[in-house]
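Okay, so here's the structure we're looking at.
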Amino acid sequence: MGNTMIVIDGNSLIHRAFYALPPMKKRDGAPTNAVYGFMTMLFGLVDSYQPQYMAVAFDRREKTFRHQMFEEYKAGRRKTPDELIAQFPILKHTLDTLGIARLELAGYEADDILGTLSHQYAGEDMEVYLVTGDRDAFQLVTDHARVLMTRKGVSDLEVFDEAHMQEVYSLRPGQIVDLKSLMGDSSDNIPGVPGVGEKTAVKLLSQFGTLDSLYSHLDELPKNKLHEKLELNRELAYLSQKLARIDQNIPLNTKLSELAFAGLQDDSLRQALEELEFTSLLKRRSLEREKTAAVEEETLDDIQKLKKKAEEWEEASMIALHYDGEKLSLSLQRDREFIVPITLSLLGGGISPEDVFSCLKPLLESKKAAKIMHDAKAFLHDCAKFDISPQNIAFDTMVAAYVLNPTRRNFSLEKLKEYYGADGSAAAVMAIYEQQRKQIDELQLGRIFYDIEMPLIGVLFDMEQEGFTVNLQTLEELSARYAEDIARITSEIYALAGTSDFNIASTKHLGVILFEKLGLPVIKKTKTGYSTDIEVLEKLHDQHPIIEKIIEYRQLTKLKSTYIDGLMQTIRSADQKVHTTFNQVATATGRISSTEPNLQNIPIRSALSAEIRNVFIPSKPENYIVSADYSQIELRVLAHISGDAHMCDAFLHDEDIHTRTAAEVFDVPPSEVTAEMRSSAKAVNFGIVYGISDFGLARNLGIPRYKAAEYIKKYLEEFDGVRTYMHTIVEQAKQDGYVRTLWGRIRYIDELSSSNYNTRSFGERAALNTPIQGTAADIIKYAMIEVPRRFREKNLQSKLILQVHDELIVDAEPEELEQVKKILVDTMQNACKMKVTLKVNVSEGKTWAEAK
DNA sequence: GCGATCACG
DNA sequence: ACGTACGTGATCGCT
């Protein structure tokens with residue numbers, strides 16, 4: 001009984017489809033035409049051949065690729081558009097979902113994989129079909145291997161066996177390589193014999209059979225121009241032959257079982273098409289979710305009815321809830337929901353918010369029913385107004401969407417409803433939950449989602465609720481004083497400029513004054529004009545006394561507008577505290593962010609910063625601000641992930657890592673490392689974590705590029721494990737399209753497959769940095785969950801109030817101070833077992849400035 | 001709404 | 001040949 005195997009040239013098909021099909025309407029991050037074309041082609045193939053084995057091959061031949069790009073660039077041809085390149089990771093992900101093997105091998109093209117597989121498996125008991133748009137593949141045709149060539153678009157395939165080739169090209173498969181040797185192929189960078197085109201090449205081959213035979217019988221040809229060209233370009237012809245021949249024996253260690261294909265399963269196909277938002281394909285394959293029984297809706301606008309229902313729901317094991325300010329919606333199953341309209345004015349219908357919330361209080365506070373919600377933290381704030389503290393919040397669809405893909409822009413329920421094809425309100429939350437739960441399992445994101453992000457929601461809520469007390473009076477004094485200072489400097493600047501007819505805060509005006517009126521040299525430009533940033537000003541510092549004043553002006557206005565006046569506006573009058581909002585779904589790496597006010601960028605580096613930090617005080621006069629921060633957490637994470645022996649060694653001996661780095665980079669014993677050397681080494685270490693370049697390091701240190709390159713070279717010689725890590729993580733990321741942290745948090749990096757050098761380089765640096773920054777984020781998040789848990793366990797009243805990426809801030813009761821410090825250090829240090837130890841520094845003070 | 005700038009890790 | 005460190009948010013001026 002014969003089997004069938006289909007092997008598809010992924011690169012060739014995507015290219016074909018992209019250029020053949022009209023562009024699709026752009027959607028947020030969604031694939032466009034090429035993946036669509038690919039999928040329709042795939043369906044056609046599976047339906048007509050019903051293969052038992054299937055694989056899609058991709059190019060992994062960087063040098064050739066770059067070379068081609070360069071050639072195209074020189075020839076002034078358009079570069080491959082980014083939208084095309086962006087389709088590869090999407091396609092790869094879809095293939096994974098569909099259970100179709102995808103193959104790639106560093107150093108080889110998809111062609112070679114097609115060749116090797118057909119060579120390996122085509123035979124009596126296996127018919128192999130090679131799907132491509134590249135006519136090179138004709139050389140692979142045998143009795144049991146056929147080529148399916150795309151024609152007009154991609155879903156229309158022409159089957160080539162030996163007979164059909166003879167019919168169309170009058171050539172045997174074996175002659176294809178020789179054909180290319182003669183005629184060349186510009187798209188593949190095969191030169192061929194200049195002046196010989198397809199017609200001539202076919203004629204020569206039908207006369208002589210092979211290239212070898214042609215050259216050994218060259219004298220049989222009339223001594224004309226053609227003869228001369230062939231004679232002259234013999235070497236080029238043979239080089240072309242080499243280039244045109246597909247390698248059928250590449251070291252592809254794939255077992256036949258890995259290529260097994262069980263057909264398109266409804267479940268995975270539906271998931272794939274939904275992710276792609278290909279609704280028309282869903283429809284065509286009759287895979288639409290049963291939206292037929294659209295969400296059944298029951299309105300509960302009577303308080304007695306609501307009360308009765310709420311009692312029933314208390315017995316449920318799971319309930320989805322959604323509150324949008326106008327109505328509260330509840331659902332036990334994805335096709336049915338209850339809507340409680342909420343009165344916003346005396347005139348409107350519905351039930352007052354007080355009544356609704358008090359009716360639902362027992363349900364919300366019951367530990368029995370697991371609550372499924374979208375943005376649970378916001379709901380916790382709503383409940384807090386009614387003195388309700390919901391329990392057993394088991395799943396947050398907003399946070400789940402973030403964990404599944406942190407680079408999404410929009411996590412609104414509306415967007416998720418579109419994405420998951422869900423309807424209604426709480427019913428939609430329920431439907432989305434059912435799908436996300438599976439996705440989290442499949443992508444092995446359970447640890448991050450259930451053990452970190454879900455418990456973190458309540459911790460962040462508590463921190464937001466608690467707030468950070470600020471000294472309003474001091475802020476007012478600072479505001480007045482800074483206003484005077486700014487006024488003084490403003491007039492000094494006007495005097496030095498010789499005019500007061502410009503706005504110092506306007507970079508446009510300032511540029512005119514500095515570079516036109518005062519004639520200072522232009523250091524760099526922005527898109528819109530002269531750059532006047534701090535880097536430029538520092539370079540101009542010695543050239544004019546106005547520069548120093550501008551730097552001072554900038555600093556003072558920044559501090560005043562953002563950190564004094566800005567902060568003052570966010571103070572809640574009820575408690576004289578600032579209550580930041582933590583955004584749990586903001587960053588690509590897993591960090592949290594802080595807004596209104598942002599308490600994660602309060603000044604600390606400058607001389608004046610202590611004045612600002614002194615404004616932040618404990619909630620009671622007798623309390624302390626305790627700050628505990630990780631020492632070098634990112635470098636320690638790097639040491640662990642890379643396993644670099646020297647770096648691990650340095651940390652295990654608790655050496656100063658920057659001094660150690662300096663000793664290696666500058667080739668001196670650690671005892672002879674100067675402050676300046678250490679500071680340069682510090683910049684090198686930062687650079688390593690960010691994905692270093694000699695240019696970047698040179699700019700940062702203000703040294704020549706060659707010197708920076710030397711530093712990096714010396715660094716990587718000593719820390720060889722880091723070099724290996726940098727290389728392997730990027731390779732891995734390019735294969736997978738994503739990177740993960742130590743605990744499995746995922747980040748897809750589409751930029752890695754870009755044809756644009758800058759875009760791709762950015763992707764490489766992100767691939768390198770994300771596991772480091774993200775692992776550090778995972779670790780401190782774990783500590784954030786554990787610290788308040790231990791406070792509760794010991795019945796402590798001290799409160800965790802802030803996180804600043806590698807630092808936790810606690811408002812501590814005086815009698816709990818020592819316990820608090822101990823819990824902080826112990827929890828943070830032991831949050832993650834690694835090859836190196838984590839180190840934590842802790843200190844306290846009567847203000848945030850003193851806790852250092 | 002966006003670019004430039006600058007505050008933080 | 002290409003331009004360059006990773007991750008954020010707030011404020012200002014300007015279109």
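Lettering follows sequence order; numbering is per chain, from 1.
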- Query: Between the main-chain N or O of Glu464(A) and the side-chain N or O of Lys377(A), is there a donor-acceptor pair closer than 3.5 Å?
  - Reply: no
- Message: By the 4.0 Å heavy-atom rule, please label Glu596(A) as base, sugar-phosphate, or nothing.
- Response: sugar-phosphate
- Atom CZ of Arg705(A) and atom P of dT4(C) are separated, to the nearest Å, by 11 Å
- Query: Of the candidate nucleotides dC14(C), dG9(C), dG7(C), which contains the atom at the shortest distance from the side chain of Ser506(A)?
  - Reply: dC14(C)
- Do Gln600(A) and dC8(B) have a side chain to base donor-acceptor pair shorter than 3.5 Å? no
- Spacing between Lys558(A) atom NZ and dC8(B) atom P, to the nearest angstrom: 9 Å
- When you measure from the side chain of Thr587(A), which nucleotide among dG7(C), dG9(C), dG9(B) comes out closest? dG7(C)
- Query: Using the ring of each side chain (for Trp, its six-membered ring), is Phe468(A) parallel, tilted or perpendicular to Trp848(A), with breaks at 30° and 60°?
  - Reply: tilted
- Message: Without decimals, in angstroms, what is the distance between Phe582(A) CZ and dT8(C) C1'?
- Response: 13 Å
- Query: Within the distance-only criterion (no hydrogens, no angle test), does the side chain of Thr580(A) pair as donor or acceptor with the backbone N or O of Pro597(A) below 3.5 angstrom?
  - Reply: yes
- Indicate, with a heavy-atom threshold strictly under 4.0 Å, whether Ser693(A) touches base, sugar-phosphate, or nothing. base
- Message: From the set dG13(C), dA10(C), dA4(B), return the single nucleotide nearest to any side-chain atom of Ala505(A).
- Response: dG13(C)
- Measure from the side-chain heavy atoms of His509(A) and tell me the nearest of dG9(C), dC14(C), dT11(C). dC14(C)
- dA7(B) versus dG3(C) - spacing of their P atoms, nearest Å: 29 Å
- Item | dT4(C) to dA4(B) separation - P atoms, rounded to the nearest Å | 12 Å
- Query: If you look at every strand shown and take non-hydrogen atoms under 4.0 Å, does Val689(A) touch a base, only sugar-phosphate, or nothing?
  - Reply: nothing
- Message: Taking any heavy-atom pair under 4.0 Å as a contact, classify Ala767(A): base, sugar-phosphate, or nothing.
- Response: nothing
- Does dC6(C) have Tyr690(A) stacked on its base, where the ring centres are within less than 5.5 Å and the planes differ by under 30°? yes
- Task: Measure from the side chain of Ile604(A), starting at C-beta and using heavy atoms only, and say which of dA4(B), dA7(B), dG9(B) lies closest.
- Result: dG9(B)
- Query: When all nucleic acid strands are considered with a 4.0 Å heavy-atom cut-off, which category describes Gly566(A): base, sugar-phosphate, or nothing?
  - Reply: sugar-phosphate
- Message: Nearest to the Gln773(A) side chain among dG9(B), dA7(B), dT11(C), which nucleotide is it?
- Response: dG9(B)
- Item | Rounded distance [0.5 Å steps], CD1 in Ile641(A) versus OH in Tyr725(A) | 5.0 Å
- Query: Taking the side chain of Ile692(A) as its heavy atoms from C-beta onward, which of dA5(C), dG9(B), dT5(B) lies nearest to it?
  - Reply: dA5(C)
- Message: Counting distance alone, no hydrogens or angles: does the base of dG9(B) have a donor or acceptor under 3.5 Å from a partner atom on the side chain of Arg605(A)?
- Response: yes
- Taking the side chain of Thr528(A) as its heavy atoms from C-beta onward, which of dG3(B), dA10(C), dA7(B) lies nearest to it? dG3(B)
- Task: Answer with yes or no after comparing the ring centroid distance for Phe461(A) and Phe582(A) against a 6.0 Å cut-off, counting only values under it.
- Result: no
- Side-chain contact check for His805(A): nearest option of dA10(C), dG9(B), dC8(B) is dG9(B)
- Take the protein atom CD of Gln569(A) and the nucleotide atom P of dT11(C), then report the distance between them rounded to whole Å. 7 Å
- Query: Reckon Lys508(A) has a side-chain N or O less than 4.0 Å from the OP1 or OP2 of dT15(C)?
  - Reply: yes
- Message: Need one value for Ser594(A): base, sugar-phosphate or nothing, where a base atom within 4.0 Å counts as base even if backbone is also close, heavy atoms only.
- Response: sugar-phosphate
- Query: When you check the phosphate oxygens OP1 and OP2 of dG9(B), does a side-chain N or O of Arg591(A) lie under 4.0 Å from one of them?
  - Reply: no
- Task: Look at Ser531(A) and dA4(B) and indicate whether a side-chain polar atom (N or O) is within less than 4.0 Å of OP1 or OP2.
- Result: no
- Query: Would you say the side chains of Asn410(A) and Ser412(A) form a donor-acceptor pair under 3.5 Å?
  - Reply: yes
- Message: Check the phosphate of dG9(C) against Thr595(A), side-chain N and O only, distance under 4.0 Å to OP1 or OP2. Yes or no?
- Response: no
- Query: What do the steps show when you test Phe515(A) against Leu510(A) for side-chain contact (heavy atoms from CB on, under 4.5 Å), and what is the final call?
  - Reply: CA-CA 8 Å; Phe515(A) 306 114; Leu510(A) 192 63; over 6 Å; no
- Item | Base paired to dC2(C) (Watson-Crick or G-U; both N/O distances under 3.5 angstrom) | none
- So do Glu453(A) and Lys781(A) actually touch side chain to side chain, heavy atoms under 4.5 Å? yes
- Sugar-phosphate, base or nothing in reach of Leu768(A), heavy atoms under 4.0 Å: nothing
- Under-4.0 Å side-chain N/O to phosphate OP1/OP2 contact, Arg554(A) with dT5(B): no
- Would you mind reading off the distance between Gln803(A) atom CD and dG7(C) atom P, rounded to a whole angstrom? 17 Å
- Message: Does dT8(C) have its OP1 or OP2 closer than 4.0 Å to a side-chain nitrogen or oxygen of Asn583(A)?
- Response: no
- Query: Does a donor on one side chain sit under 3.5 Å from an acceptor on the other, for His579(A) and Glu596(A)?
  - Reply: no
- Message: Applying a 4.0 Å non-hydrogen cut-off, can you work out what Asp694(A) is touching in the nucleic acid: base, sugar-phosphate, or nothing?
- Response: nothing
- Task: On DNA chain C, check which nucleotide each of Phe686(A) and Ala588(A) is closest to and give me the residue with the more 5' one.
- Result: Phe686(A)
- Task: Please work out if Ile688(A) contacts a base, only the sugar-phosphate, or nothing of the nucleic acid, heavy-atom cut-off 4.0 Å.
- Result: nothing
- Message: Using whole Å, what does the distance between atom C1' of nucleotide dA4(B) and atom NZ of Lys524(A) come to?
- Response: 10 Å
- Regarding the side chain of Ser593(A), the nearest nucleotide among dA4(B), dG7(C), dT8(C) is dT8(C)
- Give the rounded distance in Å between these two atoms: CG of Asn758(A) and P of dA5(C). 10 Å
- Task: May I ask you to say what Thr532(A) touches in the nucleic acid, namely base, sugar-phosphate or nothing, with a heavy-atom cut-off under 4.0 Å?
- Result: sugar-phosphate
- Interatomic distance, Asn598(A) CG vs dC6(B) C1' [rounded to whole Å]: 12 Å
